[in-house]
Amino acid sequence: MPPISRPRGTEDLLPDQFFAMRRVSEAGLGVAASFGYQQLDTPIFEASELFVRGVGDSTDVVRREMYTFADRSGRSLTLRPENTAPVLRAFGESSLRQLSPPVRLSYAGPMFRYDRPGKGRYRQFHQFGVEAIGDPEPELDAEVIAVAWDWLQELGLGGISLQLNSIGDAACRPAYREALLEHFAPHLATLPELDQERLRRNPLRILDSKEEGSEQLLASAPRTSDYLCQPCREAFERVQLALHAYAIPFELNPRLVRGLDYYVRTTFEVWHEDLMGAQNALFGGGRYDGLSELLGYPPAPGVGFAAGLERVVMLAPPGPPPARPQLVVCSAQPVAVASAIDASQRLRRDGLSVLCDVGGRSLKGKMRAAERSGAEAVAILGEEEVRERRLTLRRLRSGEQMAVRLEQVYVQVREWEQDTQFGEGPA
RNA sequence: GUGGCUAUAGCUCAGUUGGUUAGAGUGCCAGGUUGUGGCCCUGGAGGUCGAGGGUUCGAGUCCCUCUAGCCACCCCA
């Protein structure tokens with residue numbers, strides 16, 4: 001019988017990876033908190049309709065990437081492919097709506113998309129994101145970007161560029177859409193199959209086409225910036241002014257469009273140079289002023305972003321290693337097992353992290369393991385120590401060793417630890 | 001969803017035109033000190049060669065199918 005392995009496109013986060021992932025997401029949530037964003041959590045699955053209406057049924061996400069299933073009562077449910085629609089739904093049906101806008105929210109958790117897996121691309125992946133809801137002010141767009149930017153700075157992630165665009169709103173986008181169609185209409189037959197399909201389904205998407213046959217026409221195509229209505233134009237100006245105030249560099253990218261239907265006005269992505277070939281974004285976001293109504297709730301303009309944690313972890317400089325036990329307690333003979341366990345428990349209550357090794361293997365083997373555990377010290381308990389009510393305490397990095405009573409262990413280990421942290425090295 | 005590349009020990013990889021019991025480094029366990037790690041020496045465990053089928057006297061090696069990963073496309077985080 002073949003062994004059961006994990007589903008395609010999923011990942012087991014082994015301790016080191018788990019630690020790295022948690023560090024990155026907690027850094028994000030911490031930065032968000034420093035901007036006044038509060039964390040919330042929404043269900044992993046939602047009514048399928050939430051995404052069909054919120055994300056848009058012409059998008060790839062909804063058309064072919066959703067994990068949709070019927071539960072036992074026949075309701076159609078979907079594993080969330082993104083979290084903006086769920087957060088807005090939660091906002092709409094809760095008391096959050098009563099708070100003074102904007103309501104600043106953050107989240108981190110798993111998302112699901114049935115896509116072909118690859119590097120930095122999973123069927124279950126994790127996003128960290130924020131949403132600022134209830135306020136149309138463009139300065140908020142810049143604030144959201146600043147949260148993301150500061151987070152990446154804190155992680156020390158270089159080689160990134162912020163791509164910024166405005167795709168207009170309900171007032172001006174239809175005209176732009178028409179202009180685009182008109183521009184391509186005479187040459188429709190000569191366009192690559194894929195681009196014809198784009199024009200039919202979602203004309204704006206042709207802007208990020210990489211098909212060779214469309215290069216020329218794209219270069220001369222009308223630009224979003226030339227079709228923005230006055231309010232959109234002014235809003236976009238203010239976003240840029242605010243970004244300058246935050247001292248965040250950006251590139252205007254009139255061909256930046258996004259794959260989810262709910263975006264209006266400001267859209268942005270952050271690209272990393274190592275991902276450019278694949279056009280893979282580290283994170284993306286924008287403004288979604290009409291989304292709340294689409295879901296059946298009162299108007300609630302908003303702006304937010306979502307970042308792929310796996311990608312950030314992959315590209316960020318490695319962080320510190322996971323915490324190690326401070327002390328390893330070893331039994332040297334079977335008669336000392338009970339004493340070793342008892343000593344370990346007492347020391348844990350004192351506040352030390354203690355790895356207790358009372359296994360049957362040799363003391364030599366335990367010492368080797370202790371060394372590799374990264375612990376500061378080892379306490380050995382054998383027949384002799386039990387008789388004399390003492391422990392043999394050995395500092396691993398120096399080899400110094402002493403016989404101490406249990407009450408002295410905590411202070412001694414802490415002292416060595418301080419010395420390791422601050423007293424060593426070229427001061 | 002389309003095309004291409006890959007799959008050998010826990011990890012990184014050798015394996016010569018198909019030819020005996022499939023190797024190295026590292027990691028793991030043990031011995032070299034009746035109770036002491038790191039360096040060194042020695043030994044050991046660990047692989048149905050991704051899975052299934054086929055060709056052949058004989059397949060890790062050739063062919064097919066499947067699965068998974070990677071790359072490009074698509075798309076997004």
Side-chain angles (χ1 to χ4, degrees), chain A residues 1-11 14 25 28 55 59-65 80-84 108-129 148 192-195 197-198 201-202 205 208-212 256-260 269-272 275 277-285 305-315 328 330-336 357 359-375 377-386 392-401:
Chain A
M1 211 198 316
I4 297 168
S5 51
R6 65 176 187 271
R8 183 158 148 93
T10 63
E11 232 187 357
L14 273 21
S25 74
V55 175
T59 60
D60 278 343
V61 169
V62 171
R63 280 174 52 231
R64 35 182 255 216
E65 295 179 2
R80 61 181 186 195
E82 61 99 51
N83 208 26
T84 296
M111 307 294 157
F112 306 83
R113 291 183 200 175
Y114 186 87
D115 198 1
R116 183 151 182 175
K119 195 175 169 66
R121 185 173 194 166
Y122 303 92
R123 289 183 172 177
Q124 174 176 339
F125 60 102
H126 297 80
Q127 288 190 331
F128 154 66
E193 181 93 18
L194 195 62
D195 283 342
E197 169 76 10
R198 282 185 170 114
R201 198 185 304 281
N202 194 345
R205 292 233 61 95
D208 58 10
S209 167
K210 286 177 286 292
E211 299 287 311
E212 279 193 18
L256 179 74
V257 288
R258 310 222 60 242
L260 284 56
E269 289 183 358
V270 164
W271 294 350
H272 190 277
L275 297 175
Q279 287 287 313
N280 273 346
L282 227 45
F283 64 78
F305 77 83
L309 289 177
E310 284 81 359
R311 292 180 185 177
V312 174
V313 169
M314 179 172 74
L315 295 166
V328 175
C330 298
S331 59
Q333 286 114 12
V335 290
D357 187 352
R361 66 176 164 175
S362 67
L363 184 59
K364 181 173 177 171
K366 292 177 186 178
M367 290 298 287
R368 256 160 69 86
E371 204 267 326
R372 269 160 230 197
S373 77
V378 184
I380 300 165
L381 272 158
E383 199 179 335
E384 190 183 320
E385 285 84 355
V386 169
T392 297
L393 190 62
R394 181 182 179 87
R395 187 185 190 192
L396 283 166
R397 66 199 329 262
S398 66
E400 67 184 295
Q401 182 165 309

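Within every chain, numbering begins at 1; the chains are lettered A, B, ... in the order of the sequence lines, protein sequences first and strands thereafter.
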Per atom distances to the A/Arg121 side chain, the nearest of B/C74, B/U2, B/G38 is B/C74
Is A/Phe125 stacked on the base of B/A77, with ring centres under 5.5 Å apart and planes under 30° apart? yes
Remember a base hit wins even if backbone is also touched, and classify A/Gly399 as base, sugar-phosphate or nothing at under 4.0 Å, heavy atoms. base
Once you apply a heavy-atom cut-off of 4.0 Å, does A/Gly285 come out as touching a base, just sugar-phosphate, or nothing? nothing
Output the single nucleotide from B/G4, B/C75, B/A77 whose closest atom is nearest the side chain of A/Gln127. B/A77
Per A/Lys119 side chain, nearest of listed nucleotides B/C70, B/C75, B/U36: B/C70
So which nucleotide from B/G69, B/G35, B/C75 ends up closest to the side chain of A/Ala332? B/G35
Pairs: protein N or O with nucleotides 29-33 of chain B N or O, under 3.5 Å:
unit_1: B/C29; atom_1: OP1; unit_2: A/Arg361; atom_2: NH1; d: 2.7
unit_1: B/G32; atom_1: N7; unit_2: A/Lys364; atom_2: NZ; d: 2.9

Within this structure, what is the CD-to-P distance between A/Gln333 and B/U36, rounded to whole angstrom? 11 Å
Scan A/Phe128 against the nucleic acid and name what it touches under 4.0 Å (heavy atoms): base, sugar-phosphate only, or nothing. nothing
Closest to the A/Arg311 side chain: B/A77, B/C75, B/G37? B/A77
When the distance from CE of A/Met367 to C1' of B/C39 is rounded to whole Å, what number comes out? 15 Å
Which nucleotide wins on minimum distance to the side chain of A/Arg64, given the candidates B/C74, B/A77, B/G37? B/C74
Between A/Arg394 (CZ) and B/G38 (P), how many Å, whole number? 10 Å
When you compare B/U48 with B/G23, how far apart are their P atoms, in angstrom units rounded to a whole number? 15 Å
Can you give me every donor-acceptor pair (side chain of residues 109-116 of chain A, partner residue at least two apart or in another chain, under 3.5 Å) with its distance?
unit_1: A/Arg113; atom_1: NE; unit_2: A/Pro81; atom_2: O; d: 2.8
unit_1: A/Arg113; atom_1: NH2; unit_2: A/Pro81; atom_2: O; d: 2.9
unit_1: A/Asp115; atom_1: OD2; unit_2: A/Arg121; atom_2: NE; d: 3.0
unit_1: A/Asp115; atom_1: OD2; unit_2: A/Arg121; atom_2: NH2; d: 2.6

Can you sort out the partners of A/Arg63 under side-chain hydrogen bond (donor to acceptor under 3.5 Å, both in side chains), two or more places apart, ordered by chain and number? A/Asp60
Hey, does A/Leu282 reach any base, or is it just sugar-phosphate, or nothing, if we go heavy atoms under 4.0 Å? sugar-phosphate
Which of B/G1, B/U36, B/G69 is nearest the side chain of A/Tyr114? It is B/G1
Touch check for A/Glu384, heavy atoms < 4.0 angstrom, all strands: base, sugar-phosphate only, or nothing? base
Of the listed nucleotides B/A77, B/U2, B/C75, the one nearest the side chain of A/Arg205: B/C75
Nearest to the side chain of A/Thr392 - B/C75, B/G35, B/G69? B/G35
Answer with base, sugar-phosphate or nothing: what part of the nucleic acid does A/Glu310 contact at a heavy-atom distance below 4.0 Å? nothing
Sorted by chain and residue number, the side chain to side chain contact (heavy atoms under 4.5 Å, CB included) partners of A/Ala307 (sequence neighbours excluded) come out as A/Trp151, A/Phe283, A/Phe305
I want to verify a distance call: between B/G37, B/G35, B/C75, whose nearest atom is closest to the A/Glu385 side chain? B/G35
With sugar-phosphate meaning primed atoms plus P, OP1 and OP2, does A/Ala306 contact a base, only sugar-phosphate, or nothing at under 4.0 Å between heavy atoms? sugar-phosphate
What does the list of N/O pairs under 3.5 Å between the protein and nucleotides 7-10 of chain B look like, with a distance for each?
none

Would you sketch RNA chain B in dot-bracket for me? Only Watson-Crick or G-U wobble pairs with both distances under 3.5 Å count, crossing pairs as [ ], other-strand pairs as |, the rest as dots. (((((((..((((.....[...)))).(((((.......))))).....(((((..]....))))))))))))....
Check every strand shown and say whether A/Arg198 touches a base, only sugar-phosphate, or nothing at a heavy-atom separation below 4.0 Å. sugar-phosphate
Rounded to whole angstrom units, what separation is found between the CD1 atom of A/Ile380 and the C1' atom of B/G35? 7 Å
